[in-house]
Amino acid sequence: MATSARRDACPAIKNLLLLDSEGRRVAVKYYTDEWPTNAAKLAFERSIFAKTLKTNARTEAEIVMFENNVVLYKFIQDLHLFVTGGDNENELALASVLQGFSEAVTLLLRGNVDQREALENLDMMFLCLDEIVDAGMILETDGSLIAGKVATHSIDDGAPLSEQYLVRPL
Amino acid sequence: MAQFVKKDDDRDEDEYSPFHGIEKGAVLQEARVFNDPQLDSRRCSQVITKLLYLLNQGETFTKVEATEVFFSVTKLFQSKDIGLRRMVYLIIKELSPSSDEVIIVTSSLMKDMNSKTDVYRANAIRVLCRITDGTLLTQIERYLKQAIVDKNPVVASAALVSGIHLLQTNPEIVKRWSNEVQEAMQSRAALVQFHALALLHQIRQNDRLAVSKLVTSLTRNSVRSPLAQCLLIRYTSQVIRESSANNQSGERPFYDFLEGCLRHKAEMVIFEAARAITELNGVTSRELTPAITVLQLFLSSSKPVLRFAAVRTLNKVAMTHPMAVTNCNIDMESLISDQNRSIATLAITTLLKTGNESGVDRLMKQITNFMSDIADEFKIVVVDAIRSLCLKFPLKYRTLMNFLSTILREEGGFEYKKSIVDSIVILIRDIPDAKESGLLHLCEFIEDCEFTYLSTQILHFLGVEGPKTSDPSKYIRYIYNRVILENATVRASAVSTLAKFGAMVDSLKPRIFVLLRRCLYDNDDEVRDRATLYLNTLGGDGSVVETNKDVKDFLFGSLDIPLVNLETSLKNYEPTDEPFDISSVSREVKSQPLAEKKTAGKKSTTLGAPPAGPTSTVDTYEKLLSSIPEFSTFGQLFKSSAPVELTEAETEYAVNVVKHIFDKHVVFQYNCTNTIPEQLLENVVVVVDASEAEEFAEVATKPLKALPYDTPAQTFVAFEKPEGVPAVGRFSNVLKFLVKEVDPSTGEAEEDGVEDEYQLEDLEIVAADYMLKVGVSNFRNAWESLGPDFERVDEYGLGPRESLSEAVNAVINLLGMQPCEGTEVVAANARSHSCLLSGVYMGNVKVLVRMSFGVDSSKEVAMKLAVRSEDESVSDAIHEVVAN
């Protein structure tokens with residue numbers, strides 16, 4: 001009954017990856033010890049990137065089994081987004097995470113979803129990852145809510161005017 | 001960093017990156033702006049982003065660097081800029097400060113936890129809970145409880161999720177939050193409900209009643225969040241699983257709830273419910289139908305994820321309930337051309353499981369086109385499925401064997417080729433009609449095979465099966481080609497195969513000898529040695545002689561001794577005038593992990609016993625016993641049992657017994673341990689009362705002179721019994737000894753002692769003690785080679801049993817034989833089961849047993865027992881054991 005014992009737990013996310021069109025990291029976040037070293041992480045990214053490269057994951061999210069994990073992915077322009085979960089995970093729950101991830105990225109980059117824009121706004125990409133999953137636990141799956149939480153670039157009430165600068169509109 | 005180097009290479013491509021040429025040293029310098037009296041928030045944010053970028057790319061900071069960055073970052077709490085504060089939170093989490101550093105930021109974070117700004121509260125909670133230890137937790141507990149019921153969902157979620165993480169380390173604190181968490185369950189925000197349910201369940205997970213209550217109350221009210229609903233479905237299945245054990249008859253509780261979820265508006269929930277239903281223990285086809293119907297709809301979805309999820313679940317269902325899935329076959333077939341190859345492979349293997357005999361040909365046509373454009377890993381899955389299909393429909397072997405041989409000739413890696421070869425070998429073994437064509441396919445494959453391992457395996461297999469075919473001569477060309485064309489390993493293997501043909505087929509002998517003689521000039525030692533050995537033992541002097549059985553056994557007989565046992569015996573052997581005697585090596589197979597047994601059963605077709613697990617202790621017993629003069633005349637040790645405990649754990653004296661069985665004698669070896677430091681035992685003997693064991697007569701005892709504290713030692717008692725008779729009986733034992741007090745400080749014993757005795761538990765000699773567990777790798781071959789001459793078949797009623805599995809194990813233990821081919825495992829909910837056993841009975845008589853079990857609704861188990869052995873009386877004896 002080992003599988004069902006695991007199933008009783010919450011859906012868990014093993015990693016979120018945002019790679020560019022050559023498989024290089026833009027922003028990534030791992031939530032398990034399954035890939036203990038940076039080398040192991042890079043190897044995982046390289047192989048999943050190569051494995052999915054030729055597929056068409058632009059209109060709909062795609063899915064693949066990889067090293068006993070389920071990986072969902074979606075490409076937007078030259079950005080490749082991945083969500084990894086255990087092989088027993090509800091694929092559709094993972095899909096909702098990927099959906100939120102890609103919507104939030106699109107909103108935050110105001111439609112100019114490409115590698116350059118993502119790197120220019122890397123702070124937002126990091127915050128975005130931070131708002132989707134907390135230590136493997138799904139935090140939020142609604143893209144606009146995620147983007148909203150990231151983009152609260154306002155100043156808190158007591159701050160002097162000199163510290164305020166223009167808020168980027170969404 | 002590979003990443004950085006790569007970036008430099010790309011410079012020509014005019015690629016833009018704001019982090020181009022970034023360097024750790026320079027960024028750490030830049031981080032000094034955090035210390036400026038007049039903070040530039042924007043600049044600070046940028047520097048933090050750069051630091052995060054470096055960390056994210058896999059760069060590491062030394063302890064000193066990290067500490068320095070951490071301290072300067074803490075200064076940034078002065079700024080009121082929200083954006084900067086967010087980055088500060090992030091970098092603190094990434095730096096994961098040590099506990100003495102945490103103190104520096106604690107007060108700042110606690111202040112943020114009580115801030116009016118929601119973003120501060122939510123994030124400060126997450127950061128603080130991530131970096132804190134238990135001591136701080138009691139201080140902030142009050143705020144966390146407040147945050148759980150905060151009206152801002154982001155804050156509530158942050159607190160609940162942090163609670164889930166903290167439960168691992170500080171369960172006693174988090175468990176006090178139940179009331180707040182329950183209140184959060186009522187939240188309107190979907191994700192808050194999800195987090196609250198997850199935490200609530202984890203708090204109560206060890207309390208089955210509480211979980212059951214939780215599920216009961218929630219299944220009535222509708223839960224809003226799809227994710228929370230999925231959790232609820234999981235918890236419900238858990239409750240169903242646990243209650244089904246007590247509640248056999250009647251309606252399955254909560255099934256209606258699961259079925260209702262199939263009509264939920266969120267696909268995630270529908271799927272979770274469908275999957276939960278398919279995984280119910282002993283699910284009926286009526287229960288399955290609605291779940292299968294929704295999964296079938298998913299199969300034609302435009303979303304790959306839905307198709308994948310559905311086909312993967314149906315694939316699992318097909319393993320246990322193939323009929324339930326056949327309705328989906330048409331949708332499945334259209335998935336064979338799915339863009340996503342994972343989906344296509346799952347669809348194919350599902351079809352292979354559910355297909356009927358008439359559809360096989362059409363299906364195979366579709367698969368042939370499909371195989372060329374999938375990766376090896378998928379191909380292996382398909383090959384495995386085809387193998388099972390072929391075993392299911394043996395009449396279709398021609399189509400399937402042709403398919404396997406075609407793909408064998410195509411490109412592919414080692415694992416893929418190996419799985420095909422293994423499949424063909426299994427089909428040849430199990431389907432007699434397929435033998436000749438299969439062997440020819442294998443012959444053609446080795447003509448052009450780049451894998452030495454596969455070539456040698458096939459050559460070995462050819463040597464076993466080839467001579468038994470109608471025209472063995474047609475294989476010789478393929479085998480001899482190997483001697484000419486291949487590397488030394490394959491050549492040596494081919495020489496052995498040739499010799500086997502020569503030994504088995506007399507008409508080929510002269511020609512084989514000609515070929516073998518040519519091998520005498522090979523430039524490899526092993527090849528020459530083998531050729532010489534075979535020529536000499538088979539009588540290669542040109543005369544056609546009948547090769548006698550001893551020679552055949554010597555050259556090609558299976559080595560029915562576990563290699564590990566042989567290895568230990570060889571190591572123990574001291575060079576003397578006496579040659580090493582292989583028959584003195586024990587044949588006892590130590591129990592081994594199931595997986596290993598399975599592979600051995602599948603892969604090796606002639607190797608006698610599967611490789612044994614841990615080193616045999618039998619050799620040590622044998623040495624020990626033969627070193628005692630009283631027992632040295634007893635002859636060859638047949639079997640030593642596993643130790644049987646004769647005392648309860650943690651008593652004054654711990655005694656267990658090992659039963660050594662000889663042809664005419666039985667020796668009990670009592671292993672005694674004295675657990676009292678203040679005592680020394682002397683003249684220790686076990687007095688055995690054999691009044692309930694009539695056929696045994698005591699012949700010798702070997703007392704133990706002294707038994708000091710915590711030093712195990714042995715005493716022996718030997719009995720005589722009628723030769724070759726599997727006498728059984730019960731023996732009662734009393735430990736007698738002289739106790740002497742010991743002064744713990746000096747360790748010296750007093751002069752005088754007191755006689756004392758200690759009652760031990762009884763000990764039995766049972767039928768299983770006369771049986772050695774010896775496995776056979778190919779039960780079918782072994783069964784046929786024993787022949788029906790001494791077969792005895794009878795049927796028995798075993799009465800009501802707890803479960804089929806329990807009944808099977810009881811019989812296995814009663815007989816003390818080795819289960820073969822993994823047949824000791826009974827599938828859950830099986831109504832019938834077949835089990836294969838093998839063993840060696842006293843007097844080195846090989847015994848094989850086939851048992852078929854059936855169970856009816858009132859749990860009455862019936863068994864049909866078929867025994868074959870080399871001796872009629874032994875077959876009868878096995879039946880007597882069961883009959884009693």
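Computed from a predicted model, the values in this text were never measured in an experiment. A, B, ... follow the sequence lines: proteins, then strands. Residue 1 opens every chain.
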Let's test your reading of the structure: which of Leu72(A), Leu139(A), Val64(A) forms the most heavy-atom pairs below 4.5 Å with chain B?
Leu139(A)

Cation-pi geometry met for Lys50(B) and Phe19(B) (6.0 Å, 45°):
no

Asp81(B) and Ser79(B) side chains, donor-acceptor separation under 3.5 Å
no

Does the Thr55(A) side chain pair with the main chain of Ala57(A), one donor and one acceptor, at a distance under 3.5 Å?
no

Please check: side-chain N/O of Asn56(B) versus main-chain N/O of Val28(A), any donor-acceptor pairing under 3.5 Å?
yes

Charged N to carboxylate O under 4.0 angstrom, Glu62(A) versus Lys74(A)?
no

Examine whether an atom of Leu122(A) lies under 4.5 Å from a heavy atom of chain B, and if so say whether it belongs to the side chain, the backbone or both; otherwise answer neither.
both

All heavy atoms of Leu160(B) vs all of Ala196(B), minimum pair found to be CD1-N, 3.7 Å

Side chain, backbone, both or neither: which part of Asn123(B) has an atom under 4.5 Å from a heavy atom of chain A?
side chain

Which bit of Phe194(B) comes within less than 4.5 Å of chain A, counting heavy atoms only: side chain, backbone, both or neither?
side chain

Cut-off 4.5 Å, heavy atoms of chain A, and the answer for Glu267(B) is both

For Lys29(A) and Asn15(A), does a side-chain donor sit closer than 3.5 Å to a side-chain acceptor?
no

Between Arg121(B) and Asp112(B), is the closest basic N to carboxylate O distance under 4.0 Å?
no

Ala27(A) versus chain B, the contacting section by heavy-atom distance below 4.5 Å
both

So, is the end of the Arg85(B) side chain (NZ or CZ) under 6.0 Å from the ring centre of Phe77(B) and within 45° of the ring's axis?
no

With side chain to side chain donor-acceptor pair (under 3.5 Å) as the test, pick out the partner of Asn90(A) among Arg275(B), Glu272(B), Arg234(B).
Glu272(B)

Contact origin within Lys93(B) toward chain A - heavy atom pairs under 4.5 Å
side chain

Measure distances from Leu52(B) to the heavy atoms of chain A and classify the residue's part below 4.5 Å as side chain, backbone, both or neither.
both

Out of Lys303(B), His165(B), His195(B), which one racks up the most heavy-atom pairs below 4.5 Å with chain A?
His165(B)

Below 4.5 Å from any heavy atom of chain B, which atoms of Lys51(A) appear? Answer side chain, backbone, both or neither.
side chain

Identify the two heavy atoms, one from Met268(B) and one from Ala93(A), that lie closest to each other, and give their separation to 0.1 Å.
CG-N, 3.8 Å

Please flag which part of Ser302(B) lies under 4.5 Å from any non-hydrogen atom of chain A: side chain, backbone, both or neither.
both

Atom group of Glu377(B) that falls short of 4.5 Å from chain A, counting heavy atoms:
side chain

Under 4.5 Å to a heavy atom of chain A? For Arg130(B) that would be side chain

Strictly by ring pair (Phe, Tyr, Trp, His ring centres under 6.0 Å), give each pair with a member in residues 46-69 of chain A just once, sequence neighbours left out.
Phe44(A)-Phe66(A), Phe49(A)-His80(A)

Where does Val26(A) contact chain B at under 4.5 Å (heavy atoms): side chain, backbone, both or neither?
backbone

Regarding Asp123(A) and Ser45(B), is there a side-chain donor-to-acceptor distance under 3.5 Å anywhere?
no

Contacting region of Val97(A) [heavy-atom separation from chain B under 4.5 Å]:
neither

Are any side-chain N or O atoms of Ser115(B) and backbone N or O atoms of Thr117(B), one a donor and one an acceptor, separated by less than 3.5 Å?
yes

With only heavy atoms counted, which part of Leu98(A) is less than 4.5 Å from chain B, the side chain, the backbone, both or neither?
neither

Leading residue by heavy atom contact count with chain B [cutoff under 4.5 Å; candidates Ser96(A), Pro11(A), Ala95(A)]:
Pro11(A)

Tell me the residues of residues 305-314 of chain B whose non-hydrogen atoms fall below 4.5 Å from those of chain A, in number order.
Val305(B), Leu306(B), Phe308(B), Ala309(B), Arg312(B)

Taking Ala266(B), Pro304(B), Cys230(B), Ala158(B) one by one, which has the highest count of heavy-atom pairs under 4.5 Å against chain A?
Pro304(B)

Can a salt bridge be assigned to the pair Glu140(A) and Lys149(A) using a cut-off of 4.0 Å between side-chain N and carboxylate O?
no

Name the region of Ser342(B), side chain, backbone, both or neither, that has any atom closer than 4.5 Å to a heavy atom of chain A.
side chain

